[in-house]
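Working notes, structure below.
Order of the sequence lines fixes the chain letters, A, B, ..., with proteins taken first and strands second; residue numbering starts at 1 for each chain.
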Number of protein chains: 2
Amino acid sequence: MAAALELFVRQGYASTTLEDVAAATPVSRQTIYNHFGDKETLFLSVIDEHLSATLETLREATAHFPSELPDPEVYLNELARRIMATFLHPRTAALRLLLQTEGPRNPQLTQLWRQRVAAPVWSELIGQLARLAHGGALLIDDPARAAGHFVALVNGTVWEMTELGTFAVYHPPELDDPALDAALRSAVGLFVRGYAPGDRPAG
Amino acid sequence: MAAALELFVRQGYASTTLEDVAAATPVSRQTIYNHFGDKETLFLSVIDEHLSATLETLREATAHFPSELPDPEVYLNELARRIMATFLHPRTAALRLLLQTEGPRNPQLTQLWRQRVAAPVWSELIGQLARLAHGGALLIDDPARAAGHFVALVNGTVWEMTELGTFAVYHPPELDDPALDAALRSAVGLFVRGYAPGDRPAG
DNA sequence: AGAATTTTAGACAGGAGCGTCCAAGACTAG
DNA sequence: CTAGTCTTGGACGCTCCTGTCTAAAATTCT
């Protein structure tokens, strides 16, 4: 069934025939109809399955806040690295790309992503930044906005280094590419400097 | 011909019938064949035309560096606002979305965007940041990387405030939405604080 | 007005994909 | 071994779209 996702990502929903996915799987076309009855149902099932898996991966990446207040730069570097690793995970990258390409034609897909994946991860992130700020490690007056900046920087860095986001599916970059690591550290550095206490207030 | 772009964006290339675009234009289906001969050719012509127009819009947005060294925060706020205005321009938004949805199936589209639009704008941005740094207004050791951060912040802000980028096409947000303006100023503020001289070195 | 060019509507063949049906084969269970 | 279930490959009807063709209508040019 990962094969179906792969095909939907590579060719899009409209251009992917059930014969294609049958050829890519050990079952035949009729078996697919027996199980799902419908191309649309198959598609939604594929989305649903990988959505759950992706949520699990993202949860693991973002739910590691230590009990003791960490050094913000060290901790945020680790966090950024875990988020990046999730973004570059083949399944996540494929799912994001698929939601991106089919989302405009299927608004409920975007909504599913937002409700089931983005929202919980988002609030976890906001909570962590709020804790860092509350502990005095960072000067943040609006954790939600700061989370937006953090995600924009991490996401943008990965985006800019992977050919507009499509690269990750076809040529997954090495996680330990030193250029990627340096870019990520630089982005986190900017974030930490910009929210360091002792600066002008973070407006 | 703007109608053709609209349709391709809304329905995607595969699901857009030539009858659809004929119905949306004052000409008939056969006239389209007479002029373009082919659906693929029509598509590429539409892309090409709007690509040129978008480049022009983006050039105007980014080529306004004053002769006298400006205050970085004030200037970058104006620059960010102009870039955002371009991103939210219906034509640009539609084109970006179209390249996003059809790019994975048409790698040359992504390449066209990068070569003809992104590359020149990118180098203009890098040059401006380098000038700000050279004048001592900011402490930037790698203008290209800083440009990446700036674009990531501006782009990410717009992205996060417009429903994952699809919102802009169907419900263009008001340019003078105070929330958008505040978010943009906040992002630029982070950038300027992070690259302010007198801080730790910008690594 | 008259001639030439373009546009139009409709019809048409060709091809492709979805969803269904069916009969033969494989696999499982008792 | 036998009965029942599931899978398979093939064929089929149906719909839709592309690209072509043709004769009539409209437009432009002289």
Side-chain angles (χ1 to χ4, degrees), chain A residues 1-51 94-95 97-110 112 169-170, chain B residues 1-51 94-95 97-110 112 169-170:
Chain A
M1 177 166 286
L5 176 68
E6 176 86 7
L7 281 173
F8 280 132
V9 170
R10 279 184 179 269
Q11 315 181 351
Y13 175 78
S15 300
T16 300
T17 67
L18 284 194
E19 199 166 357
D20 289 341
V21 349
T25 57
V27 301
S28 72
R29 196 165 65 96
Q30 279 62 26
T31 305
I32 298 176
Y33 277 108
N34 290 345
H35 281 294
F36 299 98
D38 200 325
K39 185 181 176 183
E40 182 81 8
T41 305
L42 166 67
F43 180 68
L44 293 179
S45 301
V46 169
I47 295 279
D48 192 84
E49 174 167 328
H50 291 281
L51 213 58
L95 186 60
L97 192 52
L98 187 56
L99 293 179
Q100 214 168 68
T101 53
E102 302 300 332
R105 259 94 68 201
N106 247 61
Q108 59 161 337
L109 289 185
T110 307
L112 262 181
V169 174
Y170 304 120
Chain B
M1 179 167 285
L5 176 68
E6 175 87 7
L7 281 172
F8 280 132
V9 170
R10 280 183 179 269
Q11 315 182 351
Y13 175 78
S15 300
T16 299
T17 313
L18 282 195
E19 198 166 0
D20 289 342
V21 347
T25 57
V27 302
S28 73
R29 194 164 67 95
Q30 279 61 27
T31 305
I32 298 176
Y33 277 108
N34 289 346
H35 281 293
F36 299 99
D38 201 325
K39 184 182 177 184
E40 182 81 8
T41 304
L42 166 67
F43 179 69
L44 293 179
S45 300
V46 170
I47 295 280
D48 192 84
E49 174 167 326
H50 291 281
L51 213 57
L95 186 59
L97 192 53
L98 187 56
L99 294 179
Q100 212 169 70
T101 53
E102 302 300 331
R105 260 93 69 200
N106 246 59
Q108 60 161 335
L109 290 185
T110 308
L112 264 180
V169 174
Y170 305 119

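Listed for the Lys39(B) side chain is no donor-acceptor partner under 3.5 Å among the backbone atoms of Tyr33(B). With Thr31(B) contributing its side chain and Val27(B) its backbone, the two residues share no donor-acceptor pair below 3.5 Å. With hydrogens and angles disregarded, a donor-acceptor distance shorter than 3.5 Å links the side chain of Thr101(A) to the backbone of Leu97(A). One N or O on the side chain of Thr25(B) and one on the backbone of Ala22(B) form a donor-acceptor pair closer than 3.5 Å. For the pair Thr41(A) (side chain) and Gly37(A) (backbone), a donor-acceptor distance under 3.5 Å is absent.
Note: Thr16(B) OG1 to Gln11(B) CD = 4.0 Å, rounded to the nearest 0.5 Å. Separating the OG atom in Ser45(B) from the CG atom in Leu51(B) is a distance of 12.5 Å, to the nearest 0.5 Å. The line from NE2 of His35(B) to CD of Gln30(B) is 12.0 Å long, rounded to the nearest 0.5 Å.
Remark: Glu40(B) pairs with Tyr13(B), Asp38(B), Leu44(B), Asn106(B) by the side chain to side chain contact (heavy atoms under 4.5 Å, CB included) rule, at least two apart or across chains.
Side-chain contact between Phe43(B) and Glu102(B): present, with at least one pair of heavy atoms (C-beta onward) separated by less than 4.5 Å. With a 4.5 Å cut-off on side-chain heavy atoms, Leu5(A) and Ile47(A) do not count as touching.
Comparing the axis of the opening five pairs of the helix from dA1(C)-dT30(D) to dG30(C)-dC1(D) with that of the closing five pairs yields an angle of 20°, rounded to 10°.
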(message) Does the protein touch nucleotides 12-26 of chain C at the base, only the backbone, or not at all? Give it as B, S and - per nucleotide, heavy atoms under 4.0 Å.
(response) -----SSBBB-----
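With Val9(A) as reference, Leu98(A) is the one residue of Leu99(A), Leu98(A), Leu95(A) to meet the side chain to side chain contact (heavy atoms under 4.5 Å, CB included) rule.
Of the residues in residues 42-50 of chain A, not one places a heavy atom less than 4.0 Å from an atom of DNA chain D.
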Each nucleotide N or O in nucleotides 4-6 of chain C that has a protein N or O under 3.5 Å away: list the pair and distance.
none

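Here chain A contacts DNA chain D (any atom closer than 4.0 Å to a heavy atom, that is under 4.0 Å), and the contacts span dT7(D) to dA11(D) from 5' to 3'.
A donor atom on one side chain and an acceptor atom on the other are found under 3.5 Å apart for Thr17(A) and Asp20(A).
Across every non-hydrogen atom of Val46(A) and Ala4(A), the tightest pair is CG2-CB, 3.9 Å. Nearest heavy atom pair, residue Ala14(A) against residue Ser15(B), reads CB-OG, 3.8 Å.
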